[in-house]
There are 2 protein chains.
Amino acid sequence: MNQQPGRTSLIDRVAELVPDDMVQKLIGPRGDFTAASQCPVRDVLDRLGDAWSFLVVLRLSEGPQRFNALKRSVGGVSQRMLTVTLRSLERDGLVERRVFPTTPPQVEYSLSELGHSLVGPMAELTRWASANHDAVRGARARYDALPG
Amino acid sequence: MNQQPGRTSLIDRVAELVPDDMVQKLIGPRGDFTAASQCPVRDVLDRLGDAWSFLVVLRLSEGPQRFNALKRSVGGVSQRMLTVTLRSLERDGLVERRVFPTTPPQVEYSLSELGHSLVGPMAELTRWASANHDAVRGARARYDALPG
DNA sequence: CAGTATCCTCCTCGATACTG
DNA sequence: CAGTATCGAGGAGGATACTG
């Protein structure tokens with residue numbers, strides 16, 4: 001990791017939080033992570049980037065919910081996308097799905113242990129978003145007001 | 001935030017990290033955040049979700065870099081996408097762009113204060129990704145191996 | 001070197017309709 | 001209730017060529 005001499009680098013602070021081999025795997029010596037599955041960060045962000053996954057996990061962090069209740073509480077999500085999102089989260093081991101063979105059928109979704117462990121980091125990012133949203137919007141407004 | 005009685009809820013732990021009004025803004029009473037700009041988390045994730053932004057910010061956390069050096073170190077990014085990504089980050093006030101009118105021209109990109117403040121939360125998520133990548137891949141393999 | 005411009009192709013995602 | 005199936009529009013993003 002070539003460091004510019006005489007320049008205060010944030011990578012040192014990051015290194016305190018992040019083990020070396022992870023940095024290697026993350027931004028690597030060459031950064032050849034065209035295949036997302038090879039890069040853990042890409043892999044996670046591919047999941048969280050699609051808006052719904054993040055909101056669904058946060059909703060489920062409140063407690064188990066059934067399909068339509070979840071659909072209502074998330075809001076604005078189509079039936080198809082909620083199904084796709086839940087399947088994807090289930091496949092990744094973040095969400096558990098339990099079917100009660102009643103009539104009409106009931107399906108309950110809840111976070112797994114792994115899913116719970118993700119909520120902390122998510123909250124961290126969420127806090128940043130909340131705290132700095134105005135700053136970002138301000139920067140945007142200034143940028144857009146620029147001549148040219 | 002209706003809580004299921006008699007159920008251990010993670011929202012309490014999240015609440016320790018996240019101020020109440022943010023939770024309201026985030027997953028809200030109705031969750032009507034169809035417009036991403038209304039929801040700070042959506043707004044942030046829209047930026048980070050696109051893989052390149054996250055990697056670019058991490059790369060720049062090591063120190064300022066010029067366009068082509070950045071392109072090489074990120075790896076796999078097209079010229080167009082790097083330009084688009086950098087413009088977007090600059091617009092949001094996360095990245096600063098300085099032009100040196102030499103021949104040939106030099107352009108240096110660096111993180112702003114705001115950009116630096118994002119690296120901590122990003123590292124948190126990165127750590128989670130690194131620590132649990134195998135668990136996720138394992139869960140995926142099990143899910144895919146299921147009959148049906 | 002550091003872009004811009006154009007084209008073109010997947011691939012996501014919403015809408016709609018149907019089912020156990 | 002909790003899905004699945006199918007279609008179609010739109011946008012993200014790569015490839016390529018050109019420029020101050």
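Residue numbering restarts at 1 for every chain, and letters A, B, ... go by the order of the sequence lines.
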_Just to be sure I understand the rule, does A:F100 reach a base, reach only the sugar-phosphate, or reach nothing, if contact means heavy atoms closer than 4.0 Å?_
nothing
*Earliest and latest nucleotide of DNA chain D, 5' to 3', sitting under 4.0 Å from a non-hydrogen atom of chain A?*
D:dC1 to D:dT6
_B:S112: which residues meet the side-chain hydrogen bond (donor to acceptor under 3.5 Å, both in side chains) condition with it, sequence neighbours left out?_
none
*Does the side chain of B:R66 come within less than 4.5 Å of B:V107's, by heavy atoms?*
no
*Pick from B:R140, B:R142, B:R137: which one makes a salt bridge (charged side-chain N to carboxylate O under 4.0 Å, His left out) with A:D92?*
B:R140
*Who passes side-chain hydrogen bond (donor to acceptor under 3.5 Å, both in side chains) against A:R80, sequence neighbours left out?*
none
*How bent is the helix from C:dC1-D:dG20 to C:dG20-D:dC1, comparing axes over its five end pairs at each side, to the nearest 10°?*
50°
*Partners passing side-chain hydrogen bond (donor to acceptor under 3.5 Å, both in side chains) against A:D134 (at least two apart in sequence or in another chain)*: none
_Counting only heavy atoms and a strict 4.0 angstrom limit, can you tell me which residues of residues 78-90 of chain B come near DNA chain C?_
B:Q79, B:R80, B:T83, B:R87
*Mind checking whether A:R59 and A:Y109 have side chains closer than 4.5 Å, heavy atoms only?*
no
*A:V119 vs B:W128 side-chain heavy atoms within contact, under 4.5 Å*: no
*Give the minimum heavy-atom separation between B:M122 and B:L58, together with the two atoms involved.*
CE-CG, 3.5 Å
*asked:* If hydrophobic clusters are built by linking Ile, Leu, Val, Met, Phe, Trp and Tyr wherever their side-chain heavy atoms come under 4.5 Å apart, do A:L94 and A:V84 end up in the same one?
replied: no
*asked:* For residues B:V99 and B:L111: do they belong to one hydrophobic cluster (side chain heavy atoms under 4.5 Å, members Ile, Leu, Val, Met, Phe, Trp, Tyr)?
replied: yes
